[in-house]
Asker: 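Can you keep this structure in mind? I'll have questions shortly.
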Amino acid sequence: MTALSSVHETSPVSVRHRWIALATLVLAILLVSLDTTVLSLAIPHLTESLKPTSTQILWIGDIYAFVLAGLLVTMGTLGDRVGRKKLLLIGSAGFGLFSAIAAFAPSANLLILARVVQGVAGATLMPSTLSIIRNIFTNPRERGFAVAVWGAMASAGAALGPLVGGVLLQHFWWGSVFLINVPVMIVLIGVGLWVLPESKDPVPGAWDLPSVFASLVGVVAVVYGVKELTVYGWAQPLALPVAALGVFALVWFCRRQMVIPHPLVDIRLFRNPKFSSAIMSTLLAVLGLAGASFILSQFLQLVQGYSPLNSGLLNLPGTVGAVTGGLMSSTIAHRWSARKATSIGLVVIAAGLCIALGFEPDTSAWTVGLVMFTAGGGAGLAFTVNANLVLTAAPKEKSGAASALSETAYQLGAALGIALLGSATSIVYRNSMAVLAPVLPQDVYAGARESIGAALAAAPKLPPEQAAQLVDVARHAFVNGAVVAAGVAAALLISAATLSWFVLREKSES
């Protein structure tokens, strides 16, 4: 009782309203995170309805996360200046509006455009949620628990996307995966107006527009260049120049932050090994989880023939794992240290992906569920511990900018997980399909080589023997690609765990 009283005296928000506020903020982060993966099961339905090209399919899947990642720093610092509650409510209205536009998009290009603007609106939500938590929970133990709940829901949102998508697609059209955002955002605005306190930096300084532009161009250009190089290699002449432009913009952004009087981001925070290691660990943890979820959702539907609902149910262990890892993070970090908690989380994700190295087209659903539970649990643990490390390393008045960096790493990891692991799967798939070049009509082979979905769609048009051969080769080719992608992700995560183990030692265990 004494502890609660002291918290109440130092906090401008009552105990009851603090926890109602947390529930509201968790609702926002759940939806924004869910939208990074909810489309994974809808891709086959989108392909049938909108007839997108293979490039458009990739953009539909990851443009939301790219834009969100590119604008998080900008919106985090904007919230510090104009007010985090104000920005959260404006973003909620925009997110709901453009979710409705996406739901009824009649073409692939309009859907991509709606996802872009939805990403802009979503970028206003994520930094505001964590920075408001930082400001209303002044007691470190309460704040640790609140961040654990927030992190659990952020991780759960990405893992829960396929299940929510599966349930909706079982009964409604593909646009329903976007339309569910609208009523939730209406509730968020109503409750937020009532319970959320306003907070902002009392002395924010000028908002540097060149820095805003450079951060946006840098993140989007680098991610675009990586994606195009991974998919098309040197055959895409614009990929390398665009990536180089992005690197130049980010270097210029960092140099500018060191000399202007009111930087968007205090680059000196990265001199703190705890801070920089937490950012990198977050990116790789989410890369592994989002990439695994994206690939396994296609594996379940296209290789094993599960319905969208059943495929979503088989992704549920990932949600359970993410929530469990997130809620346990505060206890594990308190008892053992943030260094051990982070390293363990990354290794656990890698262990889950290593299970996928033995996948075959007829791998049991129990094995798929084990992969998702393990990867989800590790991601929930690592991401939540890292979010708290980032949040406590920054001054309270700059919590929006610090939160934005953590969530930029989160969203960039989700986007890169889909782009890099999905692209690696596609490369191996195409190479494995080459054995069919001599036996299939050229036009059929050209289409089937693009994706397993296209191969399955082409099979009924062929004689029975050729159709059976095409389906069998396509299923094995996709699994070959998924295995390679899982191996790449596991190697990255083990490297990150090793780095965290050594870099965080003095800071987290002193």
Asker: Quick one: does M328's side chain get under 4.5 Å of L381's, heavy atoms only?
Answerer: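 A side-chain contact is absent here, since even the closest heavy-atom pair is not under 4.5 Å.
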
Asker: With rounding to the nearest 0.5 angstrom, report the NZ to CH2 distance, K340 to W501.
Answerer: 5.5 Å

Asker: Would you find a donor on one side and an acceptor on the other, under 3.5 Å apart, between the side chain of Y429 and the backbone of S451?
Answerer: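 Yes, the answer is positive, given that a donor and an acceptor are paired below the 3.5 Å cut-off.
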
Asker: Quick check against the 3.5 Å criterion: does T367 have a side-chain atom that pairs as donor or acceptor with the backbone of T363?
Answerer: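 No, because the side chain of T367 does not come within donor-acceptor range (under 3.5 Å) of the backbone of T363.
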
Asker: Find the distance between CG (L456) and CD (Q301) and round it off to the nearest 0.5 Å.
Answerer: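 CD of Q301 is found 11.0 Å from CG of L456.
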
Asker: Please step through side chain to side chain contact (heavy atoms under 4.5 Å, CB included) for the pair S432 and V473, ending with a clear verdict.
Answerer: CA-CA 8 Å; S432 300; V473 172; 6.0 Å; no

Asker: Would a 4.5 Å heavy-atom cut-off, applied to side chains only, mark R115 and F178 as touching?
Answerer: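 Sidechains of F178 and R115: in contact.
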
Asker: Would you say that S215 contacts T74 through its side chain, given a criterion of any heavy-atom pair below 4.5 Å between the two side chains?
Answerer: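 Yes - at least one pair of side-chain heavy atoms lies under 4.5 Å apart.
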
Asker: Check whether any side-chain heavy atom of P463 sits under 4.5 Å from a side-chain heavy atom of Q466, and report yes or no.
Answerer: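 Yes, at least one pair of side-chain atoms sits under 4.5 Å.
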
Asker: Are K461 and V444 packed together at the side-chain level, in the sense that at least one heavy-atom pair is separated by less than 4.5 angstrom?
Answerer: no

Asker: For F299 together with F359, are the ring centres under 6.0 Å from each other?
Answerer: yes

Asker: Tell me, yes or no, whether the heavy-atom count around F248 atom CZ, taken from other residues, nucleotides or ligands under 6.0 Å, exceeds 12.
Answerer: no

Asker: Could you measure the distance from the CD1 atom of I427 to the CG atom of N480? Nearest 0.5 Å is fine.
Answerer: 14.0 Å

Asker: Which residues pass the side-chain hydrogen bond (donor to acceptor under 3.5 Å, both in side chains) test with T331, sequence neighbours left out?
Answerer: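 Listed in chain order: nothing, the list is empty.
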
Asker: Under a 3.5 Å distance rule, please check whether D472 uses its side chain to pair with a backbone N or O of A468 as donor and acceptor.
Answerer: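 Here the side-chain-to-backbone pair does not exist.
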
Asker: For W173 and F104, I'd like to know if the aromatic rings sit close, meaning centre-to-centre distance below 6.0 Å.
Answerer: yes

Asker: Would you compute the distance between atom CD of E360 and atom CD of Q304 and round it to the nearest 0.5 angstrom?
Answerer: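 So the CD of E360 and the CD of Q304 are separated by 11.0 Å.
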
Asker: Taking the side chain as every heavy atom from C-beta outward, state whether L470 and L440 have any atom pair closer than 4.5 Å.
Answerer: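 Side-chain contact under 4.5 Å: yes.
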
Asker: Verify, without hydrogens or angle tests, whether S500 (side chain) and A497 (backbone) share a donor-acceptor contact under 3.5 angstrom.
Answerer: no

Asker: Do the side chain of Q118 and the main chain of A102 share a donor and acceptor less than 3.5 angstrom apart?
Answerer: no

Asker: In the structure I gave you, are the side-chain heavy atoms of H476 and P361 within less than 4.5 Å of one another anywhere?
Answerer: yes

Asker: Do side-chain atoms of T324 reach the backbone of V320 as a donor and acceptor pair under 3.5 angstrom?
Answerer: yes

Asker: Using 0.5 Å steps for rounding, measure from the CG atom of L71 to the CG atom of L216.
Answerer: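 These two atoms lie 5.0 Å from each other.
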
Asker: Would you give the length of the straight line joining atom CG of L25 to atom CG of L30, rounded to the nearest 0.5 angstrom?
Answerer: 12.5 Å

Asker: Go through the side-chain N and O atoms of T342 and S281 and say whether any donor and acceptor fall under 3.5 Å apart.
Answerer: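 There is no such pair (donor and acceptor under 3.5 Å, judged by atom type) between the side chains of T342 and S281.
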
